[in-house]
Amino acid sequence: MASAARLDLDGNAIKPMTICMIGAGGFIGSHLCEKLMAETMHKVLAVDVYNDKIRHLLEPATHPWSDRIQFHRINIKHDSRLEGLIKMADLTVNLAAICTPADYNTRPLDTIYSNFIDALPVVKYCSENNKRLIHFSTCEVYGKTIRSFLPKDSPLRQDPAYYLLKEDASPCIFGSIEKQRWSYACAKQLIERLIYAEGAENGLEFTIVRPFNWIGPRMDFIPGIDGPSGGVPRVLACFSNNLLRHEPLKLVDGGQSQRTFVYIKDAIEAVLLMIDNPGRANGHIFNVGNPNNEATVRQLAEMMTEVYAKVSGEPSLEVPTVDVSSKEFYGEGYDDSDKRIPDMTIINKQLGWNPKTSLWDLLESTLTYQHRTYAEAIKQAIAKPVAS
Ligand SMILES: NC(=O)c1ccc[n+]([C@@H]2O[C@H](COP(=O)([O-])OP(=O)(O)OC[C@H]3O[C@@H](n4cnc5c(N)ncnc54)[C@H](O)[C@@H]3O)[C@@H](O)[C@H]2O)c1
Ligand SMILES: O=c1ccn([C@@H]2O[C@H](COP(=O)(O)OP(=O)(O)O[C@H]3OC[C@](O)(CO)[C@H]3O)[C@@H](O)[C@H]2O)c(=O)[nH]1
């Protein structure tokens, strides 16, 4: 239970605030709502079109926090109630977005509208009403590394100067326009620039978060169980689905791309520090990731296979992975970030935050959750005769 006397990083008592959280029903939103209800006295106006992932917080009405969370089923594309909610709140956290790579090249218009156009009124209402904004961008704004353009045998490829991603120094390197994969990153970059300009010209108090592959329970959906059977979620859910169904994990273009993965619960600690320490967070762009948890997608697949066998007690397949081309998996216009390691200087200096959980440990708790939540439903779905 939350105690009233929480202190910020400078030793001052934190005053309870009202937070308008847009996209509260998603993966990150659900974890942030949980944290705010369990550990703070802040109030949340939770805005989303869905609430399945936060239903456990909304019902029953006897929860000790039930008067501190309200769900508003609103599509921010067209709902005049949004400005009123932002005005009512001290802080707006905007998480709403289309953010699954399978959509970027196949639904580029929806992707650009969602990540840029739909975010515009949120920025405008915050700026006009002098309200603080924490906006969720992405590590994808960095695009590809400089390293990826160096010859394969160049010794410079080992030099962090050519791959470490720094908020205030790294360039944003995207592919050509027909590589529609970059529609998302480009829309996110433009909204970042707009927010930054609102800060510079109109005094908007903002913080921009660039998440580096946050993963954990409730991420996306399992196709055919709690999402469309033909849907393609992000890699954690794709691989979980393969493991649950005893199918080989599909490695796109050989699984050579590299990512750093951070446990959602570690990352949420960083967001809470931003919420509670406006003096240290305002005006900053923060990388939030775990530089120690780097793996190629192939290594991730191998580790998830090993961890799943441990937590499920089921033996792994003899051939646990299969190669697939990106064109076959994602369609025309896909492209990829080669490597994503966050520089941690700014978040360390401003908020003293560091991630704690190793890749093995975070996969162990996440796959335990996936097995408990989905294994039985998958068994039943597989056993059900297909309707003719
Ligand atoms: N999870 C990550 O590792 C990661 C990495 C980089 C960036 N991000 C960013 O963080 C944010 C949240 O990501 P997530 O992983 O929780 O995604 P998510 O898809 O689980 O959550 C997004 C939520 O926004 C809601 N939403 C979308 N459009 C809406 C609209 N028009 N009106 C109301 N609600 C709407 C969705 O219903 C969903 O619940 C996104 O902006 C995403 O780009 C996340
Ligand atoms: O079955 C699969 C699914 C994916 N891959 C490859 O894994 C890499 C990571 O994929 P994913 O996590 O789906 O997405 P990205 O990391 O590329 O992009 C996300 O990063 C942050 C965010 O902004 C929001 O989460 C989003 O854009 C990738 O290389 C896939 O090709 C696979 O091999 N097999």
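Order of appearance sets the numbers: ligands from 1, and atoms from 1 within every ligand. Atoms considered below: every heavy atom in the structure, side chains included; atoms not considered: hydrogens, waters and symmetry mates. Owing to the predicted nature of the structure, the values given are computational and were not obtained by experimental measurement. All residue numbers in this chain count up from 1 along the given sequence.
Applying the 4.0 Å criterion to heavy atoms of Gly26 picks out, from ligand 1, the atoms 20 (O), 21 (O), 38 (C), 39 (O). Of all the atoms in ligand 2, the ones that sit under 4.0 Å from a non-hydrogen atom of Ser257 are 29 (O). With ligand atoms numbered from 1 in the order given, ligand 2 contributes 33 (O) to contacts under 4.0 Å with heavy atoms of Leu251. Residue Tyr330 approaches ligand 2 through these ligand atoms, each under 4.0 Å from one of its heavy atoms: 3 (C), 4 (C), 5 (N), 30 (C), 31 (O). Ligand-side atoms of ligand 2 in range of Cys99: 24 (C), 25 (O), 26 (C), range being under 4.0 angstrom from any heavy atom. Near Thr138, meaning under 4.0 Å from any of its heavy atoms, are these atoms of ligand 2: 21 (C), 22 (C), 23 (O).
Side-chain contact between Asp338 and Tyr163: absent, with no pair of heavy atoms (C-beta onward) separated by less than 4.5 Å.
Among protein heavy atoms, the minimum distance from atom 34 (N) of ligand 2 is reached at Lys250 O, 2.7 Å. Looking at atom 5 (C) of ligand 1, its nearest protein heavy atom turns out to be Pro211 CB, 3.5 Å. Of the protein's non-hydrogen atoms, the one nearest atom 8 (C) of ligand 2 is Val297 CG2, 3.5 Å. The nearest protein atom to atom 25 (O) of ligand 2, hydrogens excluded, is given as Arg234 NH1, 2.7 Å; this is a heavy-atom distance. Scanning all protein heavy atoms for the shortest distance to atom 31 (O) of ligand 2 gives Tyr334 OH, 2.8 Å. Of all protein heavy atoms, the one lying nearest to atom 23 (C) of ligand 1 is Asp48 OD2, 3.6 Å. Here the protein heavy atom with the shortest distance to atom 14 (P) of ligand 1 is Arg234 NH2, 3.8 Å. Scanning the protein for heavy atoms near atom 26 (N) of ligand 1, the closest one is Ala96 CB, 3.8 Å. Of all protein heavy atoms, the one closest to atom 20 (O) of ligand 2 is Arg340 NH1, 2.9 Å. Protein heavy atom in closest approach to atom 31 (N) of ligand 1: Asn75 OD1, 2.8 Å. Looking only at protein heavy atoms, the nearest one to atom 33 (C) of ligand 1 is Ile74 O, 3.2 Å. Closest to atom 27 (O) of ligand 2, if we only count protein heavy atoms, is Glu140 OE2, 2.3 Å. Shortest contact from atom 41 (O) of ligand 1 to any protein heavy atom: Lys188 NZ, 2.9 Å. In this structure, the protein non-hydrogen atom closest to atom 29 (O) of ligand 2 is Asp336 OD2, 2.6 Å. Atom 16 (O) of ligand 2 has Arg259 NE, 2.7 Å as its closest protein atom, hydrogens excluded (heavy atom only). Protein heavy atom nearest atom 43 (O) of ligand 1, with residue, atom name and distance: Tyr184 OH, 2.7 Å.
Under the 3.5 Å distance criterion, the side-chain polar atoms of Thr368 are matched with a main-chain donor or acceptor of Glu364.
Among the atoms of Val252, some N or O lies under 3.5 angstrom from an N or O of ligand 2. Among the atoms of Asn242, none of the N or O lies under 3.5 angstrom from an N or O of ligand 2. In terms of polar-atom proximity, defined here as any N/O pair under 3.5 Å, Val235 does make such a contact with ligand 2. Annotation: Phe212 places no N or O atom under 3.5 Å from an N or O atom of ligand 1; distance criterion only.
When only modelled atom types and interatomic distance are considered, Asp103 and Thr100 share a side-chain donor-acceptor pair under 3.5 Å. For Asn115 and Tyr104, the side-chain atoms include no donor-acceptor pair closer than 3.5 Å. With hydrogens and angles left out, the side-chain atoms of Glu314 and His371 include no donor and acceptor closer than 3.5 Å. Using modelled atom types, one finds no donor on one side chain facing an acceptor on the other under 3.5 Å when comparing Asn293 with Tyr263. Judged purely by distance below 3.5 Å, without hydrogens or angles, the side chains of Asn290 and Thr260 never pair a donor atom with an acceptor atom.
Ligand 1 has no atom lying under 4.0 Å from any heavy atom of Ser114. Proximity of Ser30 to ligand 1 is not established, as no heavy-atom distance is less than 4.0 Å.
By the 30° and 60° cut-offs, the orientation of the rings of Trp214 relative to Phe136 is perpendicular. The aromatic rings of Phe27 and His31 lie perpendicular to each other, with more than 60° between the two planes, well past the 30° mark.
Only the side chain of Tyr50 comes within 4.0 Å of ligand 1, judged by heavy-atom distances. Here Ile28 has heavy atoms under 4.0 Å from ligand 1 in both its backbone and its side chain. Contacts with ligand 1 closer than 4.0 Å are made by side-chain heavy atoms of Cys99 only, the backbone lying farther away. The side chain of Arg181, and not its backbone, has at least one atom closer than 4.0 Å to an atom of ligand 2 (non-hydrogen atoms only; side chain from C-beta on). Counting heavy atoms under 4.0 Å from ligand 2, residue Asn213 touches it through the side chain alone. Residue-level proximity to ligand 2 for Phe329 is carried by the side chain, the only part with a heavy atom below 4.0 angstrom. Contacts of Ser137 with ligand 1, taken as heavy-atom pairs under 4.0 Å, involve the backbone alone.
Checking each of Lys339, Arg259, Arg340 against Glu294 for a side-chain hydrogen bond (donor to acceptor under 3.5 Å, both in side chains) leaves exactly one that passes, namely Lys339.
Looking at Asp220 and Arg234, a side-chain N of the basic residue comes within less than 4.0 Å of a carboxylate O on the acidic one, giving a salt bridge. Checked for salt-bridge contact, Arg6 and Asp276 meet the test: a charged N lies under 4.0 Å from a carboxylate O. Using a cut-off of 4.0 Å between Lys/Arg side-chain N and Asp/Glu carboxylate O, Glu83 and Lys131 are scored as not salt-bridged.
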Worked verdict on Arg210 versus Glu192 for salt bridge (charged side-chain N to carboxylate O under 4.0 Å, His left out): CA-CA 10 Å; Arg210 291 182 180 167; Glu192 280 200 19; 2.6 Å; yes
Intermediate values then yes/no, ring-ring contact (aromatic ring centres under 6.0 Å, His included), Phe206 and His135: CA-CA 7 Å; Phe206 73 87; His135 184 84; over 10 Å; no
